[in-house]
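Notes follow the structure.
From a predicted model like this one, the values you see are computed outputs, not experimental measurements. No hydrogens, no waters, no symmetry mates; every other heavy atom, side chains included, goes into these values. Per chain, numbering begins at 1; letters A, B, ... match sequence-line order.
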Protein chains: 2
Amino acid sequence: MTSNKDTGASSDLETRLIEQDHHSIKLWLRLLTCSSLIERKLRTALREEFDTTLPRFDFLAQLDRVPEGLSMGELSNRMMVSGGNVSGIAGQLVKEGLISRRAVPENRRTFIVKLSPKGRRFFQKMAVRHEQWVISLLGELSMEDVNRAMGLLGKVKVTLEQN
Amino acid sequence: MTSNKDTGASSDLETRLIEQDHHSIKLWLRLLTCSSLIERKLRTALREEFDTTLPRFDFLAQLDRVPEGLSMGELSNRMMVSGGNVSGIAGQLVKEGLISRRAVPENRRTFIVKLSPKGRRFFQKMAVRHEQWVISLLGELSMEDVNRAMGLLGKVKVTLEQN
DNA sequence: CCCAGATATTTTAGATATAAAATATCATTC
DNA sequence: GAATGATATTTTATATCTAAAATATCTGGG
């Protein structure tokens, strides 16, 4: 369907606009397909190898980057999920001893969650495998293509954040 | 894995491999960020304007492309979700009169779901708005960038489907 | 100090998601 | 044609996820 590098004179403005419209939808669908495929593989692998889930891994991964811990709200922003969701997962991880959760004296509305030593050890093991899985999924791509894709998705991200 | 022609002299092989590894992870995270952002906007808009959800929209969208209908299994494949999930959503859409669901005489294990006239009208209205939303989200990108991104994500998709 | 609004989190209700077990049907082999 | 395994779907149990209401705390103007 009407592919590409047509800088030429064969299409008028209206045609080009319509083409771009369709391509926008297709780009969105392809984006969704790619992330769904990766997500599924990672979820399956996490379950099989560590008997855990992607949201829990993501939760621990966010905390691993910030040794001093994060508030529930900050975590909710970073994970791009609702606050209620973070509350639920945090409760489980606390019960499993992977994170600590304590109130802050200065502002008693906020709660800080932080990796426990056990949680850190567990995450480290997962992180190694996680990286291997992603590399095995995307490693066939050349570094040039990865960089180009990063650049273009960076533009997409900026565009999205403006709206 | 790790193909690619070296362009710069500044890094040895090992460094380049590690760089690519990190870039693979970053690409995956950026991919996830982009689709999450789009998904959230579409979900919110669908709820506000049509009081429905993304999975239901997706379900109807798949059926809209195939007037003769699809089996539950085929639908599960296309939507990239589990069969049980499709069963649940189908049940609701049947109850709402948006789709029909009937057994096939030749193979009584399979059920074919199909858009009802009401469902088709409802989907058409949503599809128009859905396209507008996606365009408003991605329309700032040049057609060249959209095409380039499509091409690269196409490669990603092929790579993923091989594994 | 008091109180209205803002902020941070949890709780609730309901939809969506998976995996795995259960059902039902087909298809093949003996 | 009965037994066996494959296929198609649903059911079940549980985990996520959202939106919205509820709770608790802070903040600033009067």
Write down the distance between CZ (A:R43) and P (C:dA19), rounded to a whole number of angstrom. 6 Å
Just verifying a value: how many Å separate A:M126 CE and A:E49 CD, rounded to the nearest 0.5 Å? 10.5 Å
How would you label the contact of A:M79 with the nucleic acid (heavy atoms, under 4.0 Å): base, sugar-phosphate, or nothing? nothing
Using 4.0 Å as the upper bound for N to carboxylate O, is an ion pair formed by B:R148 and B:E144? no
Please examine the side chains of B:L138 and A:I25, heavy atoms only from C-beta on, and report whether any two atoms are closer than 4.5 Å. no
Enter the inter-axis angle for the ends of the helix from C:dC1-D:dG30 to C:dC30-D:dG1 (five pairs per end, rounded to 10°). 0°
Rounded to whole Å, the CG-P distance (A:L54 to C:dA19) equals 12 Å
Can you give me the first and the last nucleotide of DNA chain D (5' to 3') that has an atom within less than 4.0 angstrom of a non-hydrogen atom in chain B? D:dA6 to D:dA20
Spacing between B:L93 atom CG and C:dT16 atom C1', to the nearest angstrom: 12 Å
Nearest whole Å is fine: how far is C:dA17 P from A:L32 CG? 11 Å
Looking just at side-chain N and O atoms, do A:R121 and A:Q124 make a donor-acceptor pair shorter than 3.5 Å? no
Establish, with yes or no, whether the OP1 or OP2 oxygen of C:dG14 is under 4.0 angstrom from a side-chain nitrogen or oxygen of B:Q92. no
For A:S71, report the nucleic acid contact type (base, sugar-phosphate, nothing); a contact means any heavy atom under 4.0 Å. sugar-phosphate
Would you kindly compare A:G84 and A:R40 by the position of their nearest DNA chain C nucleotide and give the one closer to the 5′ end? A:G84
When rounded to whole Å, the CD to C1' distance for the pair A:E39 and C:dA17 reads 11 Å
Would you indicate what A:T53 reaches in the nucleic acid, counting non-hydrogen atoms under 4.0 angstrom: base, sugar-phosphate, or nothing? sugar-phosphate
What one should report as the nearest heavy-atom pair of A:S116 and A:G97 is OG-O, 2.7 Å
Between the protein and nucleotides 24-26 of chain C, which nitrogen or oxygen pairs are less than 3.5 angstrom apart?
unit_1 : atom_1 : unit_2 : atom_2 : d
C:dT25 : O2     : B:R109 : NH1    : 3.4
C:dC26 : OP1    : B:R108 : N      : 3.0

C:dT18 phosphate, OP1 or OP2, under 4.0 Å from B:N85 side-chain N/O: yes
Does B:G73 reach a base, just sugar-phosphate, or nothing at all? Heavy atoms under 4.0 Å. sugar-phosphate
Rounded to whole Å, CG of B:D51 lies from P of C:dG14 at a distance of 14 Å
Could you point out which residue of B:L63, B:I89, B:D58 forms a side chain to side chain contact (heavy atoms under 4.5 Å, CB included) with B:L75? B:L63
Taking any heavy-atom pair under 4.0 Å as a contact, classify A:T110: base, sugar-phosphate, or nothing. sugar-phosphate
